[in-house]
Amino acid sequence: MDHVYPNRDFHLKRIQATIARMPSLSTTVVKVLETCNDPRASANQLKQVISLDPVLTGRVLRLINSAYFALGKPITSLTRAIIMLGVNTVKNLALSFAILKNMKGGGTFHAFSTDEFWLHCLGVGVVAKSLAGSKGLLPGEQEEYFVAGLLHDLGKLPLNNQFPDEYFQVCQSAGKGSDPFQHAEDRLLGIDHCKVGAMIARKWRLGVGLVETMLHHHQPDDATENSRYLVSTISLANQIAIKLKIGTAGDFISDRTRLDLLTENVGVDYRQLIDFNESITREIEKAKIFLEIVQK
Amino acid sequence: MMIKFWGVRGSIPSPGPNTVKYGGNTLCLELRLQDPDRLIIIDAGSGIRELGDSLSFSKGAKDQLDTEIFLTHTHLDHILGLPFFAPIHNPGTRLKIYGPVTCEEDPLESVIGGQLSYRYFPVRQHELGASIEYIDLKEGKYDLGQGVTLTTKYLNHPLLTLGYRIEYGAKAVCTAYDTEPFYNVFCTDPSDPSYDGVLASEGDWAARDENSRMEEFFKDADLLIHDGQYTQAEYDSGKRGWGHSPIEHVMAAAGRANAKRLAICHHDPLRTDAQLDELARLFCNPGIAGDRVIFFAREGQEVEI
């Protein structure tokens, strides 16, 4: 029988402790270690490997935005962060978090696999970047869309890590289609991944755009006017990734009505989406080859 | 304000007959405010030992020392003198040690205090006589009281490193070491298989922007104390990415930022007195330097600001 957890504060404490020490994903960690331990690894390779890991991307942006708090506008570009922090600092940061995994374990992923979760995050990032490109946004701005897509589901990691059995139930319950994913999380855990994601984004000082993406990517209309287009685009990218079955983060149900509405709000049509499909597949295959997970 | 250079060498203490004139101690600056009397120390390289010893000559000063040390970063040549700074062993001493956080986000106390453990030094941190407060700094503006303001700026070095701009009584002194010009770290060669046009142009833009932020940081400084470990030719021969600046770049940047005086420091440990004299002859003459006073900092040198 479903039950409500009475001790929400206790849950929050466990979630906050996990946020403080979130490890890299096991899907990317081998390549992160290999690249960052290689003194000859180029900045291009470094950027590539980091941009494939949502936790690491968040960590690098966290460092730049907490250290450079006087900048005013938060930095959401990895390119900029690597120029400012330097290749060695970023390599050391990446290594320190990749190694955490070995210390603490990556959490039990029986609600969904790490590889599938990684694929979903990357898929949403790639789709969001393509959508931004199709709307004529500049390459620098497209990167923010990629990062927002890559990070949008980060809130699921602490929940899955701390409450693996409950999270398995969430996925099963949501998979039946009667209970939206967020409702199932709220009912079984007293909190959902959007709120946890926003906690991470605030703690890591990732800026309003990313906080709102984490918080509202299932309800983009709740976002403030300044962030609404970004959040709507990520929401659409999420629906497209679910529809195209690009990995999974536990939420399998594609919502056709929502997809139609978001397509209209973002201003793209289905023909464009078909064109995207090929380039998205190409991008993802490239990433898989880079991480050598094709052979797994 | 008065600045005294207690150490100007980079990387490692370099004593010997070839470094007698400019000195072999690693970086340590004394900034003395006259009214009220206040001592601010920047960096704790090997030069801080003699600074500490000099304080004992003032009657009672050593026993009641109340001062601040600003570390630019935690590379060894900037902190190795701290255990030999005599006042830290005196119970009357009160120290505030400021510095940047590391990328691993370890607190300053454990990074600096780490060298005060038995494996490195016979006195452990908690056995020190002085009362020490560690304060992590980030990029920003700080009010240090008594009309002193501090602006910090991250530099370009293989470790998070802060430049300090200290303003007092309408005068500004600025440190920018260890650092090198920001540059595009991404591949810019279209024939390279890893070339990415967007990344290349974004990298160019970000590096330009950071360099102009840097010049804004030391704009109109009365004294700019800047890293100048290499000549341009040396820098271009495999030293890029090491976190130290070519002298020619520093002179041009100081000119654009209208710094009134420029002290070049963090001399390479291999640089002899004769070589530094020759560099001074080349770069510091009015024909090259113009109206700006440019000099290669010497250990023991004092500059009134």
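In this text the structure is predicted, and so the values were computed from the model without any measurement. Sequence lines set the chain letters: A, B, ... in the order given, protein chains first and strands last, and positions in each chain run from 1. The figures here come from the full heavy-atom set of this structure, side chains too, leaving out hydrogens, waters and symmetry mates.
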Quiz item: CZ/B/R213 to CE/A/M84 distance, rounded to the nearest 0.5 angstrom?
Solution: 5.0 Å
Quiz prompt | Smallest separation among heavy atoms of A/I83 and B/F182, with atom names | solution = O-CD2, 3.6 Å
Quiz item: About how many Å separate CG of A/L85 and CG of B/N156, when rounded to the nearest 0.5 Å?
Solution: 10.0 Å
Self-check item: More than 12 heavy atoms from other groups under 6.0 Å of CD1 on B/I135
Solution: yes
Quiz item: For the residue pair A/T79 and B/L199, what are the closest heavy atoms and their distance?
Solution: OG1-CD1, 3.4 Å
Quiz prompt | Separation of A/I64 CD1 from B/L160 CG (nearest 0.5 Å) | solution = 8.5 Å
Exercise. Please indicate whether A/K156 has more than 12 foreign heavy atoms, meaning atoms of other residues, nucleotides or ligands, lying under 6.0 Å from its NZ.
Key: yes
Self-check item: Pairing residues for B/T74 by the side-chain hydrogen bond (donor to acceptor under 3.5 Å, both in side chains) criterion, not counting sequence neighbours
Solution: none
Practice problem: Check each atom of B/D136 against the heavy atoms of chain A and say whether the ones under 4.5 Å are side chain, backbone, both or neither. | Solution: neither
Quiz item: Restricting to pairs with a member in residues 248-257 of chain B, which pass side chain to side chain donor-acceptor pair (under 3.5 Å), not counting sequence neighbours?
Solution: B/E215-B/R256
Quiz item: With a cut-off of 6.0 Å (strictly less than), are more than 12 heavy atoms of other residues, nucleotides or ligands near NZ of B/K239?
Solution: yes
Exercise. Salt-bridge test for A/R80 and B/D209: reply yes if a basic N is under 4.0 Å from a carboxylate O, no otherwise.
Key: yes
Quiz item: What closest approach, in Å, do A/N88 and B/P158 show between heavy atoms, and which atom pair accounts for it?
Solution: ND2-CB, 3.7 Å
Quiz item: Taking atom OH of B/Y195 and atom CG of A/N44, what is their separation to the nearest 0.5 Å?
Solution: 10.0 Å
